[in-house]
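Encoded as structure tokens, the structure appears first; notes follow it.
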Amino acid sequence: NKTEAMETARGIIHKNPESPVGYVALATVYQGGNEPDKAIETLKSSGKGKDATVALMLGNLYSLRKNHTAALEQYRKAEAARPGSDQILFQKANVLHAMGRKKEAEAEYEKVLRLAPGNALALNNLAYLYAERDMRLDEAEALLKRALEIQPDSGYYLDSLGWVYFRRGDADKAIEYIRRAIVAMDHDDAILRDHLGDAYLMKGDVKRA
């Protein structure tokens with residue numbers, strides 16, 4: 001019930017305008033209604049830009065809009081307000097990765113894993129960055145095996161491990177894991193198909209590639 005949710009959120013703002021809670025609630029309603037611009041304006045108008053929750057949500061909204069520069073600025077504000085948050089560091093790493101700032105992204109994922117060693121997404125993303133840069137491949141393999149212990153049926157993690165084997169020149173293992181990844185996914189994925197084609201090409205199977 002969007003109307004009732006908006007009324008409730010506005011009531012919270014009216015009762016306690018100094019708290020960020022109502023603004024975050026209202027922005028969440030707009031976000032859920034696929035109105036990210038209104039969600040952004042709500043948070044910006046709150047005057048609570050230094051609050052970690054507000055800054056984090058703004059960063060996520062900007063990231064959805066592919067405005068990575070604005071997202072990174074908000075994640076930095078959130079980090080300043082709430083130092084040592086693995087959630088904020090993870091989002092910051094993601095946006096740095098999306099911006100192509102891979103070394104900085106790696107450093108942030110490494111911080112995340114020091115704080116939250118069981119963060120499977122961070123394990124995967126860091127390993128994939130290593131593979132993309134063709135470096136520390138043994139460590140990348142170990143990271144992905146840890147991620148798969150946590151989520152053994154993740155198509156993305158299986159694909160990442162296959163890509164590490166590809167980078168190591170092991171076409172057979174690359175094909176094995178990438179094919180398993182495709183089976184595990186609930187939809188077909190162009191990147192996985194591209195990876196599988198590359199692995200078949202490495203093996204010399206041009207027709208399958």
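For clarity, every value in this text was computed on a predicted model and none was experimentally measured. Residue indices begin at 1 and follow the sequence shown.
Residues Tyr128 and Leu123 are members of separate hydrophobic clusters, defined by side-chain heavy-atom contacts under 4.5 angstrom among Ile, Leu, Val, Met, Phe, Trp and Tyr. Leu121 is connected to Leu129 through a chain of hydrophobic side-chain contacts under 4.5 Å among Ile, Leu, Val, Met, Phe, Trp and Tyr, so both are in one cluster. Tracing side-chain contacts under 4.5 Å through hydrophobic residues (I, L, V, M, F, W, Y), one never reaches Leu196 starting from Trp163; they form parts of separate clusters. When the side chains of ILVMFWY residues are joined at heavy-atom separations under 4.5 Å, either directly or via intervening members, Ile13 and Val21 end up in two distinct hydrophobic clusters. The cluster map of Ile, Leu, Val, Met, Phe, Trp and Tyr, joined by side-chain heavy atoms under 4.5 Å apart, puts Ile40 and Met57 in the same cluster.
Going from atom CG of Leu96 over to atom OH of Tyr75 covers 10.5 Å, rounded to the nearest 0.5 Å. For the atom pair CD1 (Ile182) and CG (Asp188), the distance works out to 6.5 Å, reported to the nearest 0.5 Å. Summarising the geometry, atom CG belonging to Leu43 is positioned 11.0 Å from atom OH belonging to Tyr30; distances are rounded to the nearest 0.5 Å. How far OG of Ser46 is from CD of Glu18: 10.5 Å, rounded to the nearest 0.5 Å. A distance of 11.0 Å separates CG in Leu143 from CG in Asn125, rounded to the nearest 0.5 Å. Separating the CE atom in Met99 from the NE2 atom in His68 is a distance of 7.5 Å, to the nearest 0.5 Å.
No donor-acceptor pair under 3.5 Å is formed between the side chain of Ser154 and the backbone N or O of Gln151. At distances below 3.5 Å, not a single donor-acceptor pair connects side-chain atoms of Ser63 with backbone N or O atoms of Asn60.
By the neighbour-count criterion of 12 heavy atoms within 6.0 Å, atom CZ of Arg179 is sparsely surrounded, having that number or fewer from other residues, nucleotides or ligands. In Lys2, the NZ atom is crowded: over 12 heavy atoms of neighbouring residues, nucleotides or ligands sit closer than 6.0 Å. Remark: Arg133 CZ is packed, more than 12 non-hydrogen atoms of other residues, nucleotides or ligands lying under 6.0 Å away. No more than 12 heavy atoms of other residues, nucleotides or ligands lie within 6.0 Å of CD1 in Ile191, so this atom counts as exposed by the packing criterion. Within a 6.0 Å sphere centred on CG of Asp134, other residues, nucleotides and ligands contribute more than 12 heavy atoms.
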(message) Apply salt bridge (charged side-chain N to carboxylate O under 4.0 Å, His left out) to residues Asp86 and Arg114 and explain how you reach the verdict.
(response) CA-CA 9 Å; Asp86 60 285; Arg114 283 196 288 273; over 6 Å; no
(request) Please assess Lys48 against Asp51 for the test salt bridge (charged side-chain N to carboxylate O under 4.0 Å, His left out), listing each intermediate value before the final yes or no. (result) CA-CA 6 Å; Lys48 310 299 174 188; Asp51 178 83; over 6 Å; no
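A salt bridge between Asp159 and Arg180 is absent, with no side-chain N of the basic residue lying under 4.0 Å from a carboxylate O of the acidic one.
Residues Ala78 and Ala52 share a closest heavy-atom pair of CB-O, 3.7 Å. Minimum interatomic distance between Tyr157 and Leu148 (heavy atoms only, all atoms of both residues): CB-CD2, 3.7 Å. Across all their heavy atoms, Val164 and Ala131 have their closest contact at CG2-CB, 4.0 Å. Pro117 approaches Arg146 most closely through the heavy-atom pair O-NH2, 3.0 Å. Nearest heavy atoms, Asp198 versus Phe166: O-CE1, 3.4 Å. Minimum heavy-atom separation, Lys77 to Ala55: CB-CB, 4.0 Å.
With sequence neighbours excluded, the residues forming a side chain to side chain contact (heavy atoms under 4.5 Å, CB included) with Asp170 are Tyr165, Asp172, Lys173, listed by chain and number.
Applying the side-chain contact (heavy atoms from CB on, under 4.5 Å) test between Leu89 and each of Val112, Asn119, Leu113 identifies Val112 as the sole match. Among Glu110, Glu141, Glu106, the single residue meeting the salt bridge (charged side-chain N to carboxylate O under 4.0 Å, His left out) criterion with Arg136 is Glu110.
You'll find the side chain of Glu73 stays beyond 4.5 Å of the side chain of Tyr62, heavy atoms only. Looking at Arg10 and Thr8, their side chains never come closer than 4.5 Å, going by heavy atoms from C-beta outward.
Asn94 and Tyr109 share a side-chain donor-acceptor pair at under 3.5 Å.
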